[in-house]
Amino acid sequence: MPKKIAIMGAMPEEIAPLLDKLDNVTTSVYACNTYYEGTYRGKEIVVAYSKIGKVFATLTATMLIEKFGCDLLLFSGVAGAISDELAIGDLIIADGLCQHDLDITAFGHPHGYVPEGEVCIPTDVTLRNIAKEVANEKGLKLKEGIIATGDQFVANSERKEWIGETFKAHALEMEGASVAVVCSSMGVPFFIMRAISDSADMDAGFDFDAFLESSAKTSADFVISMVEKI
Ligand SMILES: Nc1ncnc2c(CN3C[C@H](CCSCCOCCO)[C@@H](O)C3)c[nH]c12
């Protein structure tokens, strides 16, 4: 039974659907982030958005654990689809995460690898199974696959396909692998859920703007419904 559950996003839109579900909310600002502490169905929750990209996500995930004492982390947000099976609004959970822009291949290493690191970091299987239970109960389709993270908004089919082939990834975003490194290094179970907002192609910018809010809500509504089972 976790002491305190962190629910993290990268953008304000990704956590907005969560905030009005919390009771007894107090807010605090720490290291240029706002943290919302409250309860949901009797469980202690801390919600925050990191701001965009791997560095900000690393900072916030670390603070949620070290400063706010969270011992389990759920990420909710949107992603670009790589797999043709993923349409806008579809849900994907990560079984592993990699960094598609981490590159010391000049030294013979594979893309996404640095010494003492691992290309693909696995997520917590118990939390993935809870997600599958919730999806079954709600009659929702849920894809499971590798999610690739990098410090770029991908709006180019060639780049998206390279990422898909190189990492066998089904979706891409800009924060998940940072959360994976922090949580796996600190022994904190973690879970990454994303709802598709675009297809990381030439239309990505328009689709992202059009579907950010609705896809962020789809993901957030699913993640909060997992809390009761944790
Ligand atoms: N195709 C894509 N490539 C990479 N990541 C994603 C994601 C996932 N999130 C959304 C957000 C995009 C930040 S750029 C838009 C910011 O606008 C801010 C207002 O100008 C960042 O936090 C990563 C959805 N589609 C993606």
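Just follow the structure's listing: the first ligand is 1, and inside any ligand the first atom is 1. Along the sequence shown, residues carry numbers from 1. Because the structure is predicted, anything quoted here is derived from the model rather than measured.
Only the side chain of R194 comes within contact range of ligand 1, with a heavy atom under 4.0 Å; no backbone atom does. Only side-chain heavy atoms of S197 come within less than 4.0 Å of ligand 1; its backbone N, CA, C and O stay farther off.
Checking F153, F208, F211, Y49 against atom 26 (C) of ligand 1, the nearest heavy atom belongs to F153.
Within the 4.5 Å cutoff, no side-chain heavy atoms of F190 are placed close to those of D124. Taking 4.5 Å as the limit, every side-chain heavy atom of E85 sits out of range of all side-chain heavy atoms of H170.
Residue G80 approaches ligand 1 through these ligand atoms, each under 4.0 Å from one of its heavy atoms: 24 (C), 25 (N), 26 (C). Taking every heavy atom of A10 and a limit of under 4.0 angstrom, the matching atoms of ligand 1 come to 22 (O). In the vicinity of A200, heavy-atom distances shorter than 4.0 Å reach the ligand 1 atoms 1 (N). Below 4.0 Å from some heavy atom of Q152 lie the following atoms of ligand 1, by number and element: 3 (N), 4 (C).
Within a 6.0 Å radius of CG in D20, more than 12 heavy atoms belonging to other residues, nucleotides or ligands are found. Atom OH of Y113 is surrounded by more than 12 heavy atoms from other residues, nucleotides or ligands within 6.0 Å. Within 6.0 Å of NZ in K138 there are 12 or fewer heavy atoms belonging to other residues, nucleotides or ligands. Atom NZ of K217 sits in a sparse spot, with 12 or fewer heavy atoms from other residues, nucleotides or ligands closer than 6.0 Å.
Below 3.5 Å of separation, one finds an N or O of D198 facing an N or O of ligand 1. The shortest N or O to N or O distance between V154 and ligand 1 is under 3.5 Å. Remark: ligand 1 and E175 share an N or O pair separated by less than 3.5 Å (distance only, no angle test).
K160 does not count as a contact of ligand 1, since none of its heavy atoms falls under 4.0 Å from the ligand. The shortest separation from a heavy atom of A79 to ligand 1 is under 4.0 Å, placing the residue in contact.
Checked options L64, V47, I192; the residue passing with M8 is L64 (criterion: side chain to side chain contact (heavy atoms under 4.5 Å, CB included)).
Among all non-hydrogen protein atoms, the one lying nearest atom 8 (C) of ligand 1 is V78 O, 3.0 Å. Nearest protein heavy-atom contact of atom 16 (C) of ligand 1 is I52 CD1, 3.7 Å. Among protein heavy atoms, atom 11 (C) of ligand 1 sits closest to M11 SD, 3.7 Å.
With hydrogens and angles left out, the side-chain atoms of D103 and T105 include a donor and acceptor closer than 3.5 Å. For T39 and E44, the side-chain atoms include no donor-acceptor pair closer than 3.5 Å.
There is no path of hydrophobic side-chain contacts, each under 4.5 Å, that joins M63 to I5.
Distance check for atom 5 (N) of ligand 1: a protein heavy atom is found below 4.0 Å.
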